[in-house]
> 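This structure is in structure tokens; I'll ask about it shortly.
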Amino acid sequence: MPENTTRTRRCPDCDDFPTVAITTGHRTPNGARQTITVTCRTCHGTGTVPRRPVEVSA
């Protein structure tokens, strides 16, 4: 049975939740909660990061 040796590209900072909505504690004029959208600084909202280049020893 072959082993799965592929490395995941999931962002370590946001753990694949790159964009979240945070409530500010205020209400809009129609009574809904006011939220702001925040994206991960590391992956810029993609949820993945580039793989490290493989170093080859000579």
Side-chain angles (χ1 to χ4, degrees):
M1 185 172 205
E3 258 185 60
N4 185 2
T5 58
T6 59
R7 288 195 280 169
T8 180
R9 294 177 54 194
R10 185 179 303 164
C11 177
D13 290 341
C14 66
D15 199 28
D16 210 21
F17 290 94
T19 305
V20 294
I22 300 172
T23 60
T24 62
H26 295 95
R27 299 245 179 207
T28 61
N30 66 357
R33 290 187 177 166
Q34 185 176 10
T35 60
I36 57 173
T37 304
V38 181
T39 57
C40 177
R41 294 182 192 176
T42 304
C43 64
H44 304 287
T46 61
T48 60
V49 291
R51 292 185 183 171
R52 293 182 193 171
V54 177
E55 294 182 17
V56 178
S57 302

> Does any non-hydrogen side-chain atom of Arg33 lie less than 4.5 Å from one of Arg27?
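They are in contact (side-chain heavy atoms under 4.5 Å apart), so the answer is yes.
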
> Specify the closest pair of heavy atoms between His44 and Arg41, including all atoms of both residues, with the distance to one decimal.
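Taking His44 first and Arg41 second, the nearest heavy atoms are CE1-O, 3.4 Å.
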
> Considering non-hydrogen atoms only, spot the tightest contact between Val49 and Arg10 and give its length.
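Looking at all heavy atoms of both residues, the closest pair is CG2-O, 4.1 Å.
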
> Using atom types as modelled, flag every donor-acceptor pair under 3.5 Å from a side chain in residues 11-21 to any protein atom, sequence neighbours excluded.
unit_1, atom_1, unit_2, atom_2, d
Asp13, OD2, Thr42, OG1, 2.3

